[in-house]
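Just so you know, these numbers use all the heavy atoms, side chains as well, and skip hydrogens, waters and symmetry mates.
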Amino acid sequence: MTRLLNPIFFSFLYISFIYTLSVNATTLQSDIQVLEVIKTSIDPVSISTDSFLSSWDFNLDPCEMTGTSFLGILCTIPLDTNTTSRIMEIYLEGDELEEFLTPSIGNLTELVSVNLGRNKFRGLPETITNLKKLTSLQLCENYFSGSLINGIGVLRKLEVLDSLTQLDLSNNELTGEIPQLNGLWQLSSFDLSNNQIYGNLPQFPLKIRTLSLGHNLLSGHITPVNKLRHLRTLDLSDNRFSGGIDKRIFMLPDISHVNVSANRFTTLEVVEFSDKGSQLHMLDVHGNRLCGHLPVNLITYPNLTEINLGHNLFSGEIPAEFWRRLAFLWRSLNLEYNYLEGSVPKEVNRTSEGVRGSFVHNCLTCPKGLQLCHGQRPASDCVGRNRGGDLS
């Protein structure tokens, strides 16, 4: 999954090859000491020669250096010659560093962004709550474990950081239920995917734009999502949600990507959208228990180009409007492994060029040579429906 990063820091990071900002000023001594502790607390065997951490040379001043020293560090710019620089951002993503995260990190009180993703860190220290200016915390793909709320739960610690806008705890070993996140009222991106989270959805901060909770054990209904008026990307895939996929999700003004695949939903409600301002671009509901006819109102969403309705229990004929849409706007249409019936128009052989998707394992009668349609259910699976096959 794509991680959402602090735009100010990482635009500078990639353009400048993550070189340290030179400010010709001395770094606060206590900040240097924290950096030393961070480095010495890491298992030295895990520090590769091409990692950013290996460039930290404490014979030099972190905030005075540019080039190949102290990579992954950004500093504040002093207002005058009488003040010292502070460490404001740390970027050590993907270095596969291994050890417990040192409590000393809580002494870097000017930090606004921390990215320790794709390492092997364990243990989130209590002192993280000292970082009151933190706006972005990226801890994905580590070995952080434990409950989100019980004892010294991870989110209970982080809730006091009311400046946070981006929080990524994906691909860890976290368990428990998601608590109310009242303290994180500025949160715009929240990623807890690929953990062992269970229970129902809470009410989320209303500023959230990206909500990623896929590959967990969450259950119940998804109605709390309906209140997120700024939501753009929703990923609830591979959980245990049930009931209906509410029409109000598709009516959120900024929603662009919806992935609720691999759950236990039984109904999909799509109302006609008369406003041309809909931003919905991608819809993935595959791998549920959706039944009935295909939702013809999908054609009223003007920016929709990628649709996956496969691996469900849909029946009946494919709406003629779908074929016309496939010829002009829809670039991906997956209807495989349903019980759809009827004849696929011969024209689809021509209009489907460049289209991704599949219509296989249904009860369709397909034009000869249409690869998207090759391989239908046996006639015994289509009792009571038109028998599928190939047109000669």
Check whether any side-chain heavy atom of [X] sits under 4.5 Å from a side-chain heavy atom of [Y], and report yes or no.
| X | Y | value |
| --- | --- | --- |
| L340 | L294 | yes |
| W323 | V344 | yes |
| S278 | P302 | yes |
| C366 | H374 | no |
| L206 | R229 | no |
| I90 | I38 | yes |
| Q138 | E93 | no |
| L370 | V348 | yes |

Any idea which heavy atoms bring [X] and [Y] closest together, and the distance?
| X | Y | result |
| --- | --- | --- |
| P224 | P202 | CB-O, 3.3 Å |
| P205 | L184 | CG-O, 3.3 Å |
| K157 | I128 | CB-CG2, 4.4 Å |
| G176 | L148 | O-CD1, 4.3 Å |
| P179 | L155 | CD-CD1, 3.6 Å |
| L268 | L309 | CD2-CD2, 4.3 Å |

Quick one: does [X]'s side chain have a donor or acceptor within less than 3.5 Å of a partner on [Y]'s backbone?
| X | Y | result |
| --- | --- | --- |
| K39 | W56 | yes |
| S55 | L71 | yes |
| N312 | N338 | no |
| D31 | V34 | no |
| N362 | V360 | yes |
| S51 | I47 | no |
| N288 | R264 | yes |
| N239 | F241 | no |
| N172 | S170 | yes |
| N115 | Y91 | no |

same_hphob_cluster([X], [Y]) at 4.5 Å side-chain heavy-atom cutoff:
| X | Y | value |
| --- | --- | --- |
| V45 | L92 | no |
| I307 | L329 | yes |
| Y337 | L364 | no |
| V37 | I87 | no |
| V160 | L108 | yes |

Determine, stepwise, if the pair H215 / S193 fulfils side chain to side chain donor-acceptor pair (under 3.5 Å). CA-CA 6 Å; H215 306 282; S193 56; over 6 Å; no
Could you go through N195 and T175, starting from their C-alpha distance and side-chain angles, then the distance that decides it, and tell me whether this counts as side chain to side chain contact (heavy atoms under 4.5 Å, CB included)? CA-CA 7 Å; N195 280 283; T175 63; over 6 Å; no
Let me confirm one number: the [atom1]-[atom2] distance from [X] to [Y], rounded to the nearest 0.5 Å.
| X | Y | atom1 | atom2 | value |
| --- | --- | --- | --- | --- |
| L234 | R209 | CG | CZ | 15.0 Å |
| M88 | S113 | CE | OG | 8.5 Å |
| T233 | H281 | OG1 | NE2 | 10.5 Å |
| E110 | R86 | CD | CZ | 5.0 Å |
| L298 | L304 | CG | CG | 6.0 Å |
| R232 | S189 | CZ | OG | 11.0 Å |

For a side chain to side chain contact (heavy atoms under 4.5 Å, CB included) check, start with the C-alpha distance between L53 and I42, then their side-chain angles and the critical distance, and finish with the verdict.
CA-CA 10 Å; L53 194 61; I42 303 299; 3.8 Å; yes
With a sphere of 6.0 Å drawn around NZ of K132, does it hold more than 12 non-hydrogen atoms of other residues, nucleotides or ligands? yes
Exercise for the section: Using a cut-off of 6.0 Å, state whether more than 12 heavy atoms not belonging to F58 lie near its atom CZ. Expected result: yes
Can R289 be said to sit on top of F265's aromatic six-ring, NZ or CZ under 6.0 Å from centre and within 45° of the ring axis? no
Which of L158, L111, D168, L131 passes side-chain contact (heavy atoms from CB on, under 4.5 Å) with L137? It is L158
For this session: Just do the side chain to side chain donor-acceptor pair (under 3.5 Å) check on Y198 and Q196 with the steps written out, would you?
Result: CA-CA 6 Å; Y198 56 82; Q196 300 171 38; over 6 Å; no
Expected list for residues 243-261: side-chain donor-acceptor pairs under 3.5 angstrom, two or more places apart:
from	atom 1	to	atom 2	distance (Å)
D246	OD1	R248	N	2.8
D246	OD1	R248	NE	3.2
D246	OD2	R248	NE	3.3
D246	OD2	R248	NH2	2.8
N259	OD1	S261	N	3.1
N259	OD1	S261	OG	2.7

S358 vs E336, test: side chain to side chain donor-acceptor pair (under 3.5 Å). Steps then yes/no. CA-CA 5 Å; S358 173; E336 67 183 8; 3.1 Å; yes
Could you walk me through whether F121 and Y143 satisfy the side chain to side chain contact (heavy atoms under 4.5 Å, CB included) test, starting with their C-alpha distance in whole Å, then the side-chain angles of each, then the deciding distance to 0.1 Å, before giving a yes or no? CA-CA 6 Å; F121 286 113; Y143 293 153; over 6 Å; no
Check the pair I197 / L213 against side chain to side chain contact (heavy atoms under 4.5 Å, CB included), numbers first and verdict last.
CA-CA 9 Å; I197 311 304; L213 302 174; over 6 Å; no
For residues 94-102, which side-chain donor-acceptor pairs fall under 3.5 Å, sequence neighbours excluded?
from	atom 1	to	atom 2	distance (Å)
D95	OD2	F52	N	3.2
T102	OG1	S104	N	3.2
T102	OG1	S104	OG	3.4

### Task
Classify the ring geometry between H311 and H286 as parallel (under 30°), tilted (30 to 60°) or perpendicular (over 60°).
perpendicular
